Amino acid sequence: MALHLTLLTPPTVPLEAECLTPDRVLGLTEAQVAALPVLHGNQAATVGDFFRVQGGGEADVTIEGDLARVKRLGEGMTQGRLVIHGSVGMHVGAMMQGGELVVEGDAGDWAGAEMSGGRLTITGHAGQHLGGAYAGSPKGMQGGEIIVHGGAGAEAGHGLRRGLIAIGGDAGDFAGVNMLAGTIIVLGQLGARAGAAMRRGSIITMRPAPLLPTFIFDCAYRPTFLRLYLPHLRALGLPIPADRLTRRYLRWSGDAVELGRGEILLLEEAT
């Protein structure tokens with residue numbers, strides 16, 4: 001039976017609940033799930049102190065309530081499905097390795113940070129450092145997919161090494177900063193200084209964007225890989241018009257302060 005948790009006592013300070021992953025609750029009874037440890041500020045507590053627990057035994061978990069102060073949900077998960085009905089706090093899906101995590105609302109900073117597999121879907125907006133690298137780490141997201149239907153804050157894809165980040169709305173400044181590889185697709189407005197210090201990888205946007213002077217114009221062409229990526233994103237619910245698959249894109253190479261092997265693709269203006 002799938003596990004269902006309902007927030008009954010909203011935390012007054014951030015609640016760290018990294019124990020709530022399909023991996024951790026698989027095979028546990030309701031009582032065992034309720035006894036799992038969480039951290040409320042600097043005070044030890046249990047899941048049952050905040051949530052009503054129903055069902056269990058499977059790697060299929062649903063959590064509902066105003067979880068804006070609940071952090072680290074789905075952290076490190078490798079399997080199963082976790083659905084969050086409502087907005088959620090920081091670090092959701094951080095270091096995720098597999099499975100599917102769906103946030104039906106907004107997500108705080110560091111969503112999907114350093115994840116290496118699986119799919120994280122956010123139906124609302126994401127905060128800063130989406131799929132990014134933690135301080136002192138040379139690598140951000142290393143695999144998997146992050147799909148955001150709304151916008152995202154600054155430094156989305158910081159240190160991205162591989163994988164796909166798709167943002168349906170606008171992206172903040174420094175998207176793809178220090179990218180090593182991978183793909184970022186922004187359907188809305190791309191912020192300033194995108195791709196700063198990127199070494200490889202692709203950033204694609206559908207609107208005119210301010211580019212750093214260290215990016216050099218190459219050509220206008222129709223990228224073959226977008227004929228695969230864009231239909232895939234349309235199937236996942238992002239609003240991508242059919243003509244985006246056949247239109248030409250302007251290719252800018254950079255960042256010249258690094259290898260200059262990365263690229264930013266801007267949708268060519270309709271003539």
Side-chain angles (χ1 to χ4, degrees), residues 74 81-88 92-93 96 98-113 115 117-132 140-141 143-158 160 162-176 179 181-191 194-195 201-209 222-251 263-270:
R81 190 168 192 264
L82 171 59
V83 178
I84 299 170
H85 295 297
S87 295
V88 68
V92 64
M96 181 177 175
E100 182 181 13
L101 199 167
V102 178
V103 177
E104 295 181 344
D106 299 333
D109 297 343
W110 302 106
M115 68 182 283
R119 178 186 295 158
L120 168 61
T121 301
I122 300 168
T123 64
H125 300 287
Q128 301 186 64
H129 309 290
L130 176 72
M141 180 178 173
E145 296 180 347
I146 298 178
I147 312 297
V148 180
H149 290 251
E155 297 190 32
H158 182 171
L160 178 65
R162 61 179 62 89
L164 170 65
I165 297 176
I167 300 170
D170 299 338
D173 296 345
F174 286 103
M179 272 181 70
T183 303
I184 299 175
I185 298 177
V186 179
L187 302 186
Q189 182 64 53
L190 190 63
S202 302
I203 300 174
I204 300 97
T205 183
M206 306 297 172
R207 298 183 183 177
R222 294 177 174 85
T224 302
F225 75 95
L226 289 183
R227 299 177 189 176
L228 301 175
Y229 275 67
L230 297 184
H232 173 64
L233 296 177
R234 288 181 72 189
L236 294 176
L238 291 187
I240 300 175
D243 72 321
R244 298 298 190 264
L245 282 64
T246 57
R247 293 266 294 277
R248 298 200 310 174
Y249 289 77
L250 307 179
R251 184 181 192 272
E263 64 178 6
I264 296 180
L265 302 179
L266 307 179
L267 181 68
E268 186 177 44
E269 291 289 323

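Note that the structure is a prediction, hence the values are computed from the model and not measured. This chain uses plain numbering: 1 for the first residue, then up along the sequence.
- In terms of the side chain to side chain contact (heavy atoms under 4.5 Å, CB included) criterion, residue partners of Pro231 (sequence neighbours excluded) are, by chain and number, Leu245.
- Arg244 is linked by a salt bridge (Lys or Arg N to Asp or Glu O under 4.0 Å) to nothing, counting only residues two or more places apart in sequence or in another chain.
- Distance check: Leu266 CG to Leu250 CG gives 6.0 Å after rounding to the nearest 0.5 Å.
- Within the 4.5 Å cutoff, the side chain of Leu238 has heavy atoms near those of the Ile147 side chain.
- Checked against side-chain hydrogen bond (donor to acceptor under 3.5 Å, both in side chains), Arg162 has no partners two or more places apart in sequence or in another chain.
- When all heavy atoms of Ile167 and Ala156 are compared, the pair lying nearest together is CD1-CB, 4.1 Å.
- The side-chain hydrogen bond (donor to acceptor under 3.5 Å, both in side chains) search around Ser202 returns Glu263, not counting sequence neighbours.
- Of all the heavy atoms in Ala175 and Ile203, the pair that sits closest is O-CD1, 3.7 Å.
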Report task. Would you sort out whether His232 and Leu236 count as a side-chain contact (heavy atoms from CB on, under 4.5 Å), showing the intermediate values? Result -> CA-CA 7 Å; His232 173 64; Leu236 294 176; 3.5 Å; yes
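- Between the side chain of Gln189 and the main chain of Met206, no donor-acceptor pair closer than 3.5 Å is present.
- Shown here are the salt bridge (Lys or Arg N to Asp or Glu O under 4.0 Å) partners of Arg207, two or more places apart in sequence or in another chain: Asp170.
- Evaluation of the side chain to side chain contact (heavy atoms under 4.5 Å, CB included) rule for Arg248 yields Ala220, Arg222, Glu268 as partners, not counting sequence neighbours.
- Two residues are said to be in side-chain contact when any heavy atoms from C-beta on lie closer than 4.5 Å; Thr123 and Val148 fail this criterion.
- Remark: side-chain polar atoms of Thr205 are not paired, donor with acceptor, to backbone N or O of Leu187 under 3.5 angstrom.
- Considering all non-hydrogen atoms of both residues, Gly157 and Ile184 come closest at CA-CD1, 4.1 Å.
- Rounded to the nearest 0.5 angstrom, Thr183 OG1 and Leu164 CG are separated by 6.0 Å.
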**Report entry** Step-by-step side-chain contact (heavy atoms from CB on, under 4.5 Å) determination, Met115 to Ile146
**Finding:** CA-CA 9 Å; Met115 68 182 283; Ile146 298 178; 3.4 Å; yes
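- For the pair Gly131 and Ile165, the tightest heavy-atom approach, listed with the atom from each and the gap, is CA-CD1, 4.4 Å.
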Tabulate below the donor-acceptor pairs under 3.5 Å that side-chain atoms of residues 99-112 make, not counting sequence neighbours, or state none.
from	atom 1	to	atom 2	distance (Å)
Glu100	OE1	Arg81	NE	3.1
Glu104	OE1	His85	ND1	2.3
Asp106	OD1	His125	N	2.7
Asp109	OD1	Gln128	N	2.8

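- Every ring-ring contact (aromatic ring centres under 6.0 Å, His included) that Tyr229 has, sequence neighbours left out, goes to Phe225.
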